[in-house]
Structure formats: C-alpha cells, structure tokens
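Below: the structure, in structure tokens.
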Amino acid sequence: MVLQNEDKLEVGYSSLQPKPKKWVLLMLRLLAFFATAAATVVMGLNKETKTLVVATVGTTPIKATLIAKFQHTPAFVFFVIANGLASIHNLVMIMGDLFGQKLDYKGLRLAMIAILDMMTVALISGGASAAAFMAELGKNGNSHARWNSICDKYKTFCDHGGGALIASFAGLILMLIISVMSIIKLLIKPKPDSTTVVP
C-alpha cells in the first residue's frame, strides 16, 4: 500500500537540516570586500616625507628629504596587488550571486566558485605574510644584517601600514570562512524528497 500524499514521509538530508541562508554568504563576501579594499587603499596611499640629518660636516648638519612609500618595497607592492585582486574577486562573486543565477554550465558554477575562493585565500595569505615580514623588519630592524628600523622616523607610514595589515588579515579570515562555506555548498547538495512504499 502506498502512503497518501498527506502522509508522505520525507527522507534525505534536506529535510533534516534547514537550508543555509543565502544572505549569510553574501554578507560575508561584502565584509571581505570592504576589508581587502580598505587594505588596498590604505597601503596604496601610504606615503610619508621626512627631512632627516644624514651627516654632519664640522658643526653643520647635512639634511636630506626622504620619502617612504609602498612602491619602495616589492612585498608591499605584492600586498596591494593581492588585496586589490581579492577585492575584485569578491565584487564579481557578489554580482554573480545577485544577478548570475542562470550562468551555470553543467553544474560547474559551484565548483568554480570554490576553486576561485581557495585561490583568493592563497593570494591574500601570501600578500599579507610578505607585508607582515617587511613591517616587522621596519619596526625592529635586523641586528645581524645591520639594518636599522625605520618606524622611529616614519611613524605615520608604519601606523598606516599596520592598519592595512589588520584589514588584510581580517579579509583573510573572512575569505577562509567563505571558502569553507563554498566547499560545503559544493559537497552537500539537497537530496530530493522521496516517499516510502509499504507492501
């Protein structure tokens, strides 16, 4: 005997677990976009000019005007590029979530999103790690290589760089969460409800 429509038993993962809200992932992407965009803009505009005494001839100090900017360090340039690309990635994914539901070719959309999210995590991680190393070197120097610290002279430059690093690491944490959610969304597909047939 087949159970009637009103007596159907629902089986499958989709009936046991509530479906995750779409807006949670969208809000996380928006926060990650703002974090990485802030890191890009702050580091990209980071510049400080100082007039320093570089030598003394007799009793006369010789001064030079020196500029500290992110372009002088390849690690900071990579940091700006990595966070800029992560911002663009999140912006494209937000637009895709809002307007691109019909752009799924043979079910590859979720797989591509998961792969791109993982690549973005790697990119932000590399950029933030390289910039953090250079920031530590700028703050403390390296006595073995006889490199002096610069943050005692360029305090504003170092403070802005530190803020950009904090924003970038916040974006990295958000992208890790987004990447995990993308993989879970790819692996757990809702199963269709079925009926139980009783003999």
Side-chain angles (χ1 to χ4, degrees), residues 24-52 54 64-100 111-183:
V24 173
L25 189 59
L26 198 60
M27 288 305 296
L28 285 172
R29 281 201 189 279
L30 197 59
L31 287 173
F33 166 74
F34 284 129
T36 54
T40 304
V41 170
V42 170
M43 187 64 86
L45 298 177
N46 197 8
K47 179 179 176 183
E48 186 177 2
T49 304
K50 284 275 187 179
T51 301
L52 304 170
V54 292
T65 301
L66 302 173
I67 301 171
K69 51 186 177 179
F70 86 96
Q71 293 99 323
H72 293 159
T73 308
F76 291 156
V77 173
F78 176 50
F79 175 86
V80 170
I81 292 169
N83 281 281
L85 289 174
S87 301
I88 292 169
H89 165 77
N90 279 312
L91 194 59
V92 169
M93 292 297 119
I94 289 168
M95 293 299 124
D97 272 351
L98 293 176
F99 306 112
M112 288 306 298
I113 289 172
I115 291 168
L116 290 172
D117 284 342
M118 285 188 289
M119 289 172 60
T120 303
V121 166
L123 190 62
I124 299 173
S125 177
S129 299
F133 168 75
M134 288 308 297
E136 195 277 333
L137 188 62
K139 183 177 180 182
N140 300 319
N142 187 328
S143 59
H144 300 292
R146 299 189 184 195
W147 293 337
N148 296 326
S149 63
I150 65 162
C151 285
D152 55 338
K153 299 171 187 68
Y154 295 97
K155 188 169 184 344
T156 304
F157 178 79
C158 290
D159 289 344
H160 289 177
L165 273 171
I166 291 169
S168 182
F169 278 113
L172 175 60
I173 291 168
L174 289 166
M175 280 307 301
L176 278 169
I177 295 167
I178 290 167
S179 184
V180 169
M181 290 176 72
S182 296
I183 293 169

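Residue indices begin at 1 and follow the sequence shown. No experiment lies behind these values; they were computed from the predicted model shown.
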Gap separating the CG atom of Leu45 from the OG1 atom of Thr40, nearest 0.5 angstrom
10.5 Å
Of the non-hydrogen atoms in Leu174 and Ala32, which two are nearest, and what is the gap between them?
CD1-N, 3.6 Å
Got a second to check how far Met43's CE is from Lys69's NZ, nearest 0.5 Å?
15.0 Å
4.5 Å side-chain heavy-atom contact, Lys50 and Lys153
no
Check: Leu116 main-chain N/O paired with Thr120 side-chain donor or acceptor under 3.5 Å:
yes
Of all heavy-atom pairs linking Phe157 and Asn46, the shortest is O-ND2, 2.9 Å
Ignoring hydrogens, what is the shortest heavy-atom contact between Ala38 and Ala167? Give both atom names and the distance.
CB-CB, 4.4 Å
I need the minimum non-hydrogen distance between Val80 and Gly44, along with the two atoms involved.
CG2-N, 4.0 Å
Of all the heavy-atom pairs spanning Ala68 and Tyr154, show the shortest one and how long it is.
CB-CD2, 3.6 Å
Where is the tightest heavy-atom contact between Gln71 and Val77, given as atom of each residue plus distance?
CA-CG2, 3.9 Å
Met93 and Ile178: CA distance, side-chain angles, deciding distance, side chain to side chain contact (heavy atoms under 4.5 Å, CB included) verdict
CA-CA 11 Å; Met93 292 297 119; Ile178 290 167; over 6 Å; no
I need the Leu123 CG to Met118 CE distance, nearest 0.5 Å.
14.0 Å
Would you say the side-chain atoms of Thr36 pair up with the backbone N or O of Phe33, donor to acceptor, closer than 3.5 Å?
yes
Nearest-0.5 Å distance that lies between atom CG in Asp97 and atom CG in Leu30:
11.5 Å
What is the distance from atom OG of Ser182 to atom CD1 of Ile115, rounded to the nearest 0.5 Å?
11.0 Å
Are side-chain heavy atoms of Asp117 and Arg29 found at a separation under 4.5 Å?
yes
With a 4.5 Å limit on heavy-atom distance, are the side chains of Glu48 and His160 in contact?
no
Could you state the interatomic distance from CE (Met175) to NE2 (His89), rounded to the nearest 0.5 Å?
4.0 Å
Do any N or O atoms from the side chain of Asn90 and from the backbone of Ala86 form a donor-acceptor pair under 3.5 angstrom?
yes
Is Leu165 close to Phe79 at the side-chain level, that is, under 4.5 Å between some pair of heavy atoms?
yes
Ignoring hydrogens and geometry, is there a side-chain-to-backbone donor-acceptor pair from Ser168 to Ala164 under 3.5 Å?
no
Flag the pair Leu85 / Ile81 as yes when at least one side-chain heavy-atom distance between them is below 4.5 Å, and no otherwise.
yes
